[in-house]
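For this chain, numbers begin at 1 and follow the sequence in order.
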Amino acid sequence: MNPVDIIIKKRDGGELTREELAYFVRGVVDGAIPDYQIAAWLMAVYFRGMTDQETTDLTLAMAASGEQLDLHDVLPGAIIVDKHSSGGVGDKTTLAVGPIAAACGLPVGKMSGRGLSFSGGTIDKLESIHGWRGELSEAHFRRQLQEIGLVIAAQTANLAPADKILYALRDVTGTVPSLPLIAASIMSKKLAAGADAIVLDVKCGRGAFMETLDDARALARQMVAIGRLAGRKVTALITQMEQPLGLAVGNALEVQEAIATLHGRGPADFQELVETVASEMLLIAGGDNLAAARTQVSEVIADGRAFAKFRDFVAAQGGDPVLVEHPDRLPAAPIQRPVPASKDGYIHAIDAREVGLTVVDLGGGRLKKSDAIDPSVGVMLALKVGAAVKAGEILCTVHAASEAAATQAVARLQAAYTIDPAPARPLPILLDRIVEAS
Ligand code: URA
């Protein structure tokens, strides 16, 4: 076998075998295949696509390219369930879903990422709780999973290292938006993290990677197919990311909103999404039906078990539990500036990507992996799509570190809202649910 033959086969539309893909991925990781050949192969995949079987074989080879977690020794007999969001603006879902699922008795041991560009990251959000840390030893990860039933750790460098190399090259060769490559990238990390069953939250809209419903469905179907061929159960939800999720965008603000949601007092769209994802996790782990799962979810929220689980989880990872009890003491920005509506009408759109990028510019996100984050800054929406508004009424509030940053953000946010005279409908949160490839 040699890399040139594999590139030519894909270039000419052939179907690569499991052995060829395993050979290629091995060469990517051990450096035997140079970047220019990897780049040529990525472009061939971009244009020719892959069959479900090829995508699955690629995914499994990528998952096997580094460390692979097996949590069954600490959780004998348990079905290990993971959730994954394809990322979006205001997406603090894991912060609320993790404790709810764990409070229902489902162990959640999760690897999460940091934010990049307009999309935030779970680890950055949790780090706004003083003392909390996501860099854990494997022994700590396992012990906490057993004792608390909930652990969220920063992704280790050695999990699916092939993906790191391929992703970096895709980024600079125009081959990121390839369905098989995205699906293999996401699923290889989930499989390496030891999941038996996965609930995927595929975001769709301006604030997401997949902007159209057709693209989101195609990605969801591909990932469900990989799961089936790899012997894992996968449910994919396609959810709204045309406007920001919930009301809070920004690290500490999002932690506050997640805590409110654990008390059952989250914004309607976010509360609904969180309860839906948690219910799907219970169902995929062997629950009777969605209605029963939903009842269980409502119970642990109502009786405070979900909140208590979050507090215990934060404390177990070094965070100050007083901040969880009193989220108003989380880092707060010195300047809070309202953004008024420029005219009467109805809100037709809130450009989620623009809101996310505004928060990055306020200091709440990063454009390079090495950038530092200000946990206190962000945007609190007051009105969302479908709301009627009068000129001068507050659309949202900017939380900024300086007057100059606030002034810039106000202008951008005003432009991110589309207000028209005709009535507008609120946007549904759940767009589709895919459990079997079709
Ligand atoms: N998220 C990933 O992990 N990989 C991709 O390729 C796209 C989104």
Side-chain angles (χ1 to χ4, degrees), residues 1-69 84 86-87 111 113-117 119 121 154-193 200 202 209-210 215 218-219 221-223 225-227 229-230 366-370:
M1 245 184 266
N2 74 70
V4 184
D5 289 344
I6 292 175
I7 295 166
I8 290 172
K9 186 171 177 186
K10 185 39 72 184
R11 181 200 67 189
D12 294 344
E15 181 170 4
L16 298 174
T17 65
R18 175 174 308 166
E19 292 70 32
E20 286 166 333
L21 288 162
Y23 165 84
F24 200 86
V25 168
R26 235 182 355 264
V28 166
V29 175
D30 67 18
I33 304 180
D35 284 0
Y36 52 84
Q37 285 184 317
I38 303 173
W41 178 81
L42 288 169
M43 193 56 87
V45 173
Y46 177 86
F47 279 115
R48 289 298 190 173
M50 280 186 155
T51 63
D52 284 351
Q53 189 60 56
E54 276 180 298
T55 312
T56 304
D57 290 338
L58 173 64
T59 305
L60 290 172
M62 288 166 65
S65 66
E67 175 190 345
Q68 286 187 280
L69 273 185
H84 178 82
S86 59
M111 300 275 186
R114 294 185 181 275
L116 194 63
S117 184
S119 155
Q155 199 128 349
T156 68
N158 199 27
L159 202 83
D163 178 58
K164 265 194 195 73
I165 299 166
L166 291 176
Y167 195 90
L169 281 172
R170 285 166 60 205
D171 213 14
V172 293
T173 55
T175 52
V176 168
S178 150
L179 280 187
L181 294 178
I182 296 172
S185 168
I186 292 175
M187 291 297 285
S188 62
K189 288 174 282 201
K190 295 290 108 186
L191 300 188
L200 295 167
V202 179
F209 207 65
M210 296 287 130
D215 284 350
L219 177 62
R221 286 202 181 103
Q222 183 110 61
M223 294 195 286
I226 294 171
L229 291 168
R366 56 171 74 80
L367 292 169
K368 295 194 302 299
K369 279 211 151 69
S370 53

Closest approach of Gln37 and Phe24, non-hydrogen atoms and distance? O-CZ, 4.1 Å
Side chains of Trp41 and Val28: closer than 4.5 Å at any heavy-atom pair? no
Of all the heavy-atom pairs spanning Asn2 and Tyr23, show the shortest one and how long it is. CA-OH, 3.5 Å
Given side chains that start at C-beta, do those of Leu69 and Met111 come closer than 4.5 Å, heavy atoms only? yes
Do the non-hydrogen side-chain atoms of Val45 and Glu54 ever get within less than 4.5 Å of each other? no
Nearest 0.5 Å please: distance from the CD1 atom of Ile33 over to the CD1 atom of Ile165. 10.5 Å
Just by distance, do the side chain of Ser188 and the backbone of Met62 share a donor-acceptor pair under 3.5 Å? no
Specify the closest pair of heavy atoms between Leu58 and Leu181, including all atoms of both residues, with the distance to one decimal. CD2-CD2, 4.2 Å
Glu20 and Lys10 ion-paired at < 4.0 Å: no
Any chance you could lay out the side chain to side chain contact (heavy atoms under 4.5 Å, CB included) test for Thr59 and Met223, step after step, and finish with the verdict? CA-CA 10 Å; Thr59 305; Met223 294 195 286; over 6 Å; no
Are the side chains of Leu166 and Leu42 in contact, using a 4.5 Å heavy-atom criterion? yes
What pair of heavy atoms forms the shortest contact from Ala63 to Leu191, and how long is it? CB-CB, 4.0 Å
To the nearest 0.5 Å, how far apart are CG in Leu60 and CD1 in Ile226? 8.5 Å
Show your reasoning for whether side chain to side chain contact (heavy atoms under 4.5 Å, CB included) applies to Arg18 and Gln53. CA-CA 9 Å; Arg18 175 174 308 166; Gln53 189 60 56; 3.8 Å; yes
In Å, rounded to the nearest 0.5 Å, how long is the span from CG of Leu159 to NZ of Lys190? 9.0 Å
Evaluate the side-chain proximity of Ser178 to Arg170: yes if any heavy-atom separation is below 4.5 Å, no if none is. no
Start with the C-alpha gap between Ile7 and Met43, add the side-chain angles, then the distance that decides, and say whether side chain to side chain contact (heavy atoms under 4.5 Å, CB included) holds. CA-CA 9 Å; Ile7 295 166; Met43 193 56 87; over 6 Å; no
Can you see which heavy atom on Ala160 is nearest to which on Lys189, and at what distance? CB-CG, 4.0 Å
Closest heavy-atom contact between Gly13 and Arg48? N-NE, 3.4 Å
Are the side chain of Asp30 and the backbone of Ala32 linked by a donor-acceptor contact shorter than 3.5 Å? yes
Give, for atom CD1 of Ile38 and atom OG1 of Thr175, the distance between the pair rounded to the nearest 0.5 Å. 11.0 Å
If we only count heavy atoms from C-beta on, is the Leu21 to Met50 side-chain gap below 4.5 Å? yes
What's the separation between atom OH in Tyr167 and atom CD1 in Ile182, rounded to the nearest 0.5 Å? 8.0 Å
